[in-house]
Novice: 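Supplied in C-alpha cells, the structure appears directly below.
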Amino acid sequence: MALELEVCAKAAAGAPHILGDCPFTQRVLLTLEEKKVPYKSHLIDTSNKPQWFLEVSPEGKVPVVKIDDKWVADSDVIVGIIEDKYPQPSLLTPPEFASVGSKIFGAFVKFLKSKDPNDGSEQALLDELKALNEHLKTHSPFIAGERITAVDLSLAPKLFHLDIVLSHFKNWTVPESLTNVHNYMKTLFARESFVKTKPEKEHVIAGWAPKLDGFNNRDAFIEEVHEGICGNDANWHGRREGVASSGLLFLSFSFLSISIFLRQKHPNTPSKFIANTFGSSPTALVPTELEPKTFGPSPIALSPIVLEPKTFGSSTTRPKNY
C-alpha cells in the first residue's frame, strides 16, 4: 500500500475524542475498512473547527480525505477515487442495482420533519421500504446478491440513522412484516466494518435533535441535513434565526398594511384606537405621513405614500426565504 490516507470525520457533540454521527463520513470509513486500506482519522469538533481544517475544507464540511497529498471532498467523489486506487476487493455496484434504495433517505427526512399525519410522508417512506423489501426477496443478503458493494455501504448508515431517529422522535419502527429489510439491516449492522465505524446511539440522537424545526422544503432540508450533521452546524442555528426574523417581518408588514387600510377608510380614527387594537408596537402606530426616520433610508420610508390594501395579500408580503 502507498501512503496512509487521512480522513477528517465529525467528532461527537460534546465528546471531541469520539467518532460522531455523520452517515456520509461513515460511508467513506466503511469503504476503507472493507478494502483494508490503512488510514488516519482526524476528529473534527464542528462547533469549533480548527483553522487547519478550514484551510483544507473551506466550507467546513466532512468528510474530506487526503489522497496523494490532495484533500478531496464529497463522499461520492471520495469512494470513487478509493475504488480506482484500491480496486481489490471490488465494491463496484452493477449498474442495474445502483439506484436501489436511493430514495429512502429523502423519504425518511421528509417523514421525520412532518407534523401532519395525513400529508402522505409516512406512506411514501413505507413505499420505499416495501420496494427494497421486494428487491431483497430475490437478491440477498446484499442488494447485488452475495457480494457487498458500494450501494450497501451508502445505504447502511442511512438505515442506521432511520432506525434510531424515527424510534426516538416519532415512536416509529420499520414494520415487522418487512422481514427482508430487517434481515438486511441486521446483516449490515453486524458486519465488522460497520461495528468499527458506527456512532453510538446517543450521539446519533444528539446530532439530529437541534435540526428538526423550521423547514418547509424537502430538498433544502436534505441539504441542511448533510451540512448540519456533517460539519456546518452553524447553518442550522442561522436558518432557524432567519425563519424567526422572517416571521417577525411578516407580522410587522401585516400590522402596517391593516393600519394604513384603517387610515384610508376611516381617516378620523385616532392612533390611540389603532394602538389599542394591535398593541403598542411601533409598526401599529402609523401616522398619516411616514417619516423617513421611522424606517431608515429604504424606499418605503419616502413620504407621503399611499399603499393600497391589495398590496398586502395574505402571502405576498412573506419574505422570499420564509
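Fair warning: this is a prediction, and the values are worked out from it, not measured in the lab.
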Novice: Is a side-chain donor or acceptor of E83 paired with a backbone partner of L91 at a separation under 3.5 angstrom?
Specialist: yes
Novice: Using the benzene-type ring in the case of Trp, are the ring centres of F53 and H42 under 6.0 Å apart?
Specialist: no
Novice: Kindly indicate, with the supporting measurements, whether the criterion side-chain contact (heavy atoms from CB on, under 4.5 Å) is fulfilled by L126 and Q123.
Specialist: CA-CA 5 Å; L126 283 172; Q123 187 58 52; 4.2 Å; yes
Novice: Could you tell me whether K170 atom NZ has more than 12 heavy atoms of other residues or ligands within 6.0 Å of it?
Specialist: yes
Novice: Does E96 have more than 12 heavy atoms from other residues, nucleotides or ligands lying within 6.0 Å of its CD?
Specialist: yes
Novice: Could you tell me the separation between the CG atom of D163 and the CZ atom of F108, rounded to the nearest 0.5 Å?
Specialist: 10.0 Å
Novice: Heavy atoms, side chains only, cut-off 4.5 Å: are L32 and Y86 in contact?
Specialist: no
Novice: When rounded to the nearest 0.5 angstrom, what distance separates OG1 in T149 from CZ in F142?
Specialist: 9.0 Å
Novice: Can you tell me how far OG1 of T93 sits from CG of D152, rounded to the nearest 0.5 angstrom?
Specialist: 7.0 Å
Novice: With ring-ring contact (aromatic ring centres under 6.0 Å, His included) as the criterion, how do F105 and H161 come out once you've worked through the C-alpha distance, each side chain's angles and the decisive distance to 0.1 Å?
Specialist: CA-CA 9 Å; F105 189 65; H161 280 241; 7.8 Å; no
Novice: Please determine whether a side-chain nitrogen of the Lys or Arg among R27 and D76 lies less than 4.0 Å from a carboxylate oxygen of the Asp or Glu.
Specialist: yes
Novice: Can you check whether E6 reaches V65 side chain to side chain, under 4.5 Å on heavy atoms?
Specialist: no
Novice: Does the separation of the ring centres of H203 and W208 fall below 6.0 angstrom?
Specialist: no
Novice: Could you go step by step and tell me if I81 and D68 meet the side-chain contact (heavy atoms from CB on, under 4.5 Å) rule?
Specialist: CA-CA 11 Å; I81 293 175; D68 295 333; over 6 Å; no
Novice: Does the pair R191/E33 count as a salt bridge with the N-to-O cut at 4.0 Å?
Specialist: no
Novice: Let me confirm one number: the NZ-OG distance from K115 to S121, rounded to the nearest 0.5 Å.
Specialist: 13.0 Å
Novice: Taking the side chain as C-beta and beyond, is there a heavy-atom pair between P141 and E146 under 4.5 Å?
Specialist: yes
Novice: How are the rings of W71 and W52 set relative to one another: parallel (under 30°), tilted (30 to 60°) or perpendicular (over 60°)?
Specialist: tilted
Novice: Can you establish whether the number of heavy atoms outside N171 located under 6.0 Å from its atom CG is more than 12?
Specialist: no
Novice: With side chain to side chain donor-acceptor pair (under 3.5 Å) as the test, would you mind laying out the steps for S114 and D116 before giving the verdict?
Specialist: CA-CA 6 Å; S114 172; D116 180 1; over 6 Å; no
